[in-house]
Amino acid sequence: MNEPTLSTRYDPTEVEERWYQRWQDAGLFQPEHRPSERRYCITIPPPNVTGSLHMGHALCYTIQDVLGRWKRMQGFETLILPGTDHAGIATQKVVESQLRQEGLTRHELGREGFVERVWKWKEESGGMILKQFKRLGFAFDWSRERFTMDPHYHDAVLRVFLDWYDRGLIYRGKRVINWDPGLRTSVSDIEVSDEVRQGKLYHIRYPFADGNGYLVVATTRPETMLADVAVAVHPRDKRYRGMAGKRVHLPLTGRTIPVIEDEYPDPEFGTGAVKITPAHDANDFEVGVRMGLDFNAPDQVPTCIDEDARVVAPNTPYHGLHRFEARKRIVADLEAEGLLERVEEHEVALKIADRSGEVIEPLLSEQWFCSMKPLAEPAIQAVKEGRIRFTPSRYADVYLDWMENIRDWCLSRQLWWGHRIPVYYTEDGIAIPAMNEAEAREKAGGADVTQDPDVLDTWFSSALWPFATLGWPDETEDLRRYYPTDVLVTARDIIYLWVARMVMDGLDQMKEIPFRDVYVYATVLAEDGKRMSKSLGTGVDPLEYINRFGADAMRFSLLVQTGMNQEIRFGEGPIQEARNFCNKIWNAARFALMHIGDKQLEEPPRSALEIEDRWILDRLNETIEAVGDALSRYHMMDATKRLYEFFWSEFCDWYIEACKRRLDGAEGDVPRWVLATCLERCCRLMQPFMPHITEEVWHRLPGVSQDSHLVYADWPSPEPAWQDAEARETFGMLQELVRAARNLRQEFGISPKETLPALYAQGLAESSADLVASLARFESIEAGAPTTPHVSAVAVGVDLHLPIEGLMDVEAEIKRLSAQLEKRGKELDEMMKRLSNPMFVERAKPEVVVAARAAAEQLRSEIE
RNA sequence: GGGCGAAUAGCUCAGCGGUAGAGCGCCUCCCUUACAAGGAGGAUGUCGGGGGUUCAAAUCCCUCUUCGCCCACCA
């Protein structure tokens, strides 16, 4: 036996840093390291360049790293391509707030100066998150890192825009859009959340122009009435029959507006009469369209709120007031004029901008839009025909539902950071699409042109990620080799924002799907089931856990909770367990290595194997299959749980304990070979999940060359010769026996450390006696029953008798026996009840009946 | 309003048609020469409620309740 050379506790920090460095130095993460005709590629979701690592990231990218490492071991030429997203709004906000601290605004710097400043920020402090990724051991090809504003990527973005522009898919138009007055930009529908807040519903009288009474409208935003163009009622609402065509005075303005009929008002709500403000409400806009209004004519479609959410109403006392101030003044004035009928408490559904938290102000403005229906059609087919598969499959419905009801996408953002819209205007306002200013000027016949000030929605560029990162529009070698990619691993909340758009863009530009599989992983929630959020203080920092427990433990603890579920509650428990598991691996390795030494052993002949050898090899086989199967289903929980169970409960608790008695001397070579084999296969099987500790252990095994890497070891396959149903059954029975014997000892207060002289067993095969004696701590197992006083138990048809002279508590023993008898009797009754039911015997599957009969027989013999 | 998920041991969750499982926690014993971040043994459940299908239901169907999420709408 060798002296222990490894410390009794596993210290991840040193090991993890050392190996990550070595892997990188050896260029292992680049597909060029081992070319193959079989290829596997993931272009990882680019985190925001402003981002820092949170649990959701840790899980998302760990899953992808596992898949990549697994495929690499299977011999695939594997590219996992990392990068970051320029994240227009988020990044602009970060730099603007830096400027604010310096007492500057972006306007003082000017557009060019500001953008330059953002690039400087990006070079210095952007992409922190990718450095944090390395702490988790991700085997990504850093030499191919991409950014959504790389010059080449920028060209790709413009090219798609111009292509769609030429095909008439992109158009400019006036619409009511979601305006974020804080960030002073439009945002798309899916970047806005609903929030119900307590507010008020104001009932306002609009007097008829003919002086005959009034009509009452209900509104939550009285300040918008300054831009009303009509009052709408439902055509079937009896209360307003015949009123269409009449005119009403619009209070506070001196204007009159018509009463119209439209399907839009809900007679059940409010008064059934709705004021129509096409410039400041999306529904009212639609009504305005039906009214045939000209949205370019200010007298037909007045506006009353500007981009700072201030009221625009020259020559009124409200001009220049903030929207909420104006609301108070207007309500007070209406009341003074006796036009405020009443005010109700009302739960108001507000639209809140996700990025800024500001209340959205719907504004009529000129924006760029993209028609989505033509793009969506092929993307719907791809999923319906199964060319793209969702896991779990239910998300396909979510995707299809959105796609089938898709609306046009507002592409323009009033920001400075991003891909500027490649459209230029002559002095006469003629729009010229072009890749750059020179081209535009040329097209304009040399005239001066100015570029559209807006930039594209960030998602416009991320939608190209799977092919623009590989070099498109150039026909690069990477593009040819790795597109389409294999899988997209993503969170539920960006199925619309990103997944759907990548599918559309991939099919449209590449004429091929961007990825075959979409795996939607669970949302990581705080322990109490609430969303993890920095601002709420409910977030936990993965880096802190990595420091405390190690990257392998961090990875394992997330994976073991990730199946087909849609959420994970993350507490400290699982990661402690995972850390303990690492420690267990470490110590089992210490034990095995101590005995194996540095001699590489040959596989012994089958006949030399004992029952425990045969059993553990059979279990190893089964584990190899189960883990591979789980991975191919993206079922991380199944894979990791099986590994945990095999290594800890089967290999450590049973095999190692069972083989100890045989480790001395020459015949010890057999269990030594088994130990080495199991340990080596486990390293390979666990490498994708826990790459550092497995690599460290693997390199201490005899026969492993120092310049080889577990990262590129072969993924294990089951050995047909190890399949052994008989060993499984026999060893299972021995386990039962050992448990029964240990239980007897414990119940009679016999110390676990004390080795007793003999246990009597009736019906135990002689060849198994040694094993049972060793595991249950007896010097020997004798056949038959002792003549001295003893206690008995029965397990798997074997009677066990433990001599216990002078120690027996008669009463306790009787109590124990009768309790056991009662339990078995109940089980037997249950079984007999089923068997005596003729319907059961007749209709159940034959093997079930046979099994039930056998179980009954077993119970009966135990009772006797 | 439409849809999706969840409800199983004190806690976190597996199981998804054939006698209720794991980890943590709990109780008892043990520092047994790999590991106390460990070992051995043990206790613990009307599988959310109610119907139905079936020889057999935690598992399939219907319904209700409670949580969570998504979409649409809310003057």
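Reminder, nothing fancy here: chain letters follow the sequence lines and each chain counts from 1.
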Next on the checklist: Please classify the nucleic acid contact of A/E577 as base, sugar-phosphate, or nothing, using heavy-atom distances under 4.0 Å.
Outcome noted: sugar-phosphate

Checklist outcome for this item: Listed range with range, the stems formed with RNA chain B by at least 3 consecutive Watson-Crick or G-U pairs (under 3.5 Å) are B:1-7 with B:65-71, B:10-13 with B:21-24, B:26-30 with B:38-42, B:48-52 with B:60-64

Item to check | Whole angstrom value for the distance that separates P of B/G3 from CD of A/E404 | outcome: 15 Å

Item to check | A/R394 side-chain proximity, nearest of B/C35, B/G5, B/A37 | outcome: B/G5

Item to check | Aromatic A/F591 / basic A/K660 pairing, under 6.0 angstrom, 45° off normal | outcome: yes

Item to check | Of the listed nucleotides B/U32, B/C13, B/C69, the one nearest the side chain of A/R492 | outcome: B/C69

Item to check | Whole-Å C1' distance, B/C13 and B/G52 | outcome: 29 Å

Checklist entry - Base, sugar-phosphate alone, or nothing: which one does A/R745 contact when heavy atoms must sit under 4.0 Å apart? => result nothing

Checklist entry - So does A/R742 get a side-chain nitrogen or oxygen closer than 4.0 Å to the phosphate oxygens (OP1/OP2) of B/G41? => result yes

Taking only distance into account, with no hydrogens and no angle test, what donor-acceptor pairs under 3.5 Å do side-chain atoms of residues 390-404 of chain A form with protein atoms, sequence neighbours excluded?
unit_1: A/R394; atom_1: NH2; unit_2: A/M564; atom_2: O; d: 2.6
unit_1: A/Y399; atom_1: OH; unit_2: A/A379; atom_2: O; d: 2.8
unit_1: A/E404; atom_1: OE2; unit_2: A/K384; atom_2: NZ; d: 3.1

Checklist entry - Of all of residues 648-660 of chain A, which get a heavy atom below 4.0 angstrom from RNA chain B, listed by number? => result A/W648, A/C652, A/D653, A/I656, A/E657, A/K660

Item to check | Any residue meeting ring-ring contact (aromatic ring centres under 6.0 Å, His included) with A/Y634, in chain and number order, not counting sequence neighbours | outcome: A/Y519

Checklist entry - Contact class for A/D266 (heavy atom, under 4.0 Å): base, sugar-phosphate, or nothing? => result base

Item to check | Distance, C1' atom - from B/C47 to B/U19, rounded to whole angstrom | outcome: 15 Å

Item to check | Residue A/E567, side-chain heavy atoms: nucleotide from B/U32, B/G68, B/C35 that is nearest | outcome: B/G68

Using a cut-off of under 3.5 Å, enumerate the N/O to N/O pairs linking the protein to nucleotides 29-31 of chain B.
unit_1: B/C31; atom_1: OP1; unit_2: A/K753; atom_2: NZ; d: 3.3

Checklist entry - How is A/R579 classified with respect to the nucleic acid when contacts are heavy atoms under 4.0 Å: base, sugar-phosphate, or nothing? => result base

Next on the checklist: Rounding to an integer number of angstrom, what distance separates B/A58 and B/U8 when you compare their C1' atoms?
Outcome noted: 7 Å

Checklist entry - Salt bridge between A/E612 and A/R662, side-chain N to carboxylate O under 4.0 Å? => result yes

Checklist entry - Within the structure, does a side-chain N or O atom of A/K351 lie under 4.0 Å from either OP1 or OP2 of B/C73? => result no

Checklist entry - To the nearest Å, how far apart are A/Y644 OH and B/A22 P? => result 13 Å

Next on the checklist: Once you apply a heavy-atom cut-off of 4.0 Å, does A/Y395 come out as touching a base, just sugar-phosphate, or nothing?
Outcome noted: nothing

Checklist entry - In whole angstrom, what separates A/I568's CD1 from B/C69's P? => result 17 Å

Item to check | Near-ring test A/F269/A/H346, centroid separation under 6.0 angstrom | outcome: yes

Next on the checklist: Classify A/F581 by what it touches in the nucleic acid, base, sugar-phosphate, or nothing, heavy-atom distance under 4.0 Å.
Outcome noted: nothing

Next on the checklist: Does A/R221 reach a base, just sugar-phosphate, or nothing at all? Heavy atoms under 4.0 Å.
Outcome noted: nothing

Checklist entry - Which part of the nucleic acid does A/R642 contact within heavy-atom distance under 4.0 Å: base, sugar-phosphate only, or nothing? => result nothing

Item to check | N/O (side chain, A/N580) to phosphate O (OP1/OP2, B/G38) under 4.0 Å | outcome: yes

Item to check | 5' precedence on RNA chain B between A/M637 and A/F591 (nearest-nucleotide basis) | outcome: A/M637

Item to check | Pairwise C1' distance for B/G15 and B/G51, with rounding to whole Å | outcome: 25 Å

Item to check | Any donor-acceptor N/O pair under 3.5 Å between B/C73 base and A/D194 side chain | outcome: yes

Checklist entry - Whole-Å distance between B/G5 P and A/N565 CG? => result 13 Å

Next on the checklist: Assess whether a salt bridge exists between A/E577 and A/R579, defined as any Lys/Arg side-chain N lying under 4.0 Å from an Asp/Glu carboxylate O.
Outcome noted: no

Checklist entry - Taking atom P in both B/C67 and B/A72, what distance in whole Å separates the two? => result 24 Å

Acceptor/donor pairs from residues 640-651 of chain A side chains to any protein atom, 3.5 angstrom cut, sequence neighbours excluded:
unit_1: A/T640; atom_1: OG1; unit_2: A/M636; atom_2: O; d: 2.6
unit_1: A/T640; atom_1: OG1; unit_2: A/M637; atom_2: O; d: 3.3
unit_1: A/R642; atom_1: NE; unit_2: A/E622; atom_2: OE1; d: 3.0
unit_1: A/R642; atom_1: NE; unit_2: A/T623; atom_2: OG1; d: 3.3
unit_1: A/R642; atom_1: NH1; unit_2: A/E645; atom_2: OE1; d: 3.0
unit_1: A/R642; atom_1: NH2; unit_2: A/E622; atom_2: OE1; d: 3.0
unit_1: A/R642; atom_1: NH2; unit_2: A/T623; atom_2: OG1; d: 2.9
unit_1: A/R642; atom_1: NH2; unit_2: A/E650; atom_2: OE1; d: 3.0

Next on the checklist: Is it true that, when you exclude A/E527 itself, more than 12 heavy atoms of the residues, nucleotides or ligands shown sit nearer than 6.0 Å to its CD?
Outcome noted: no

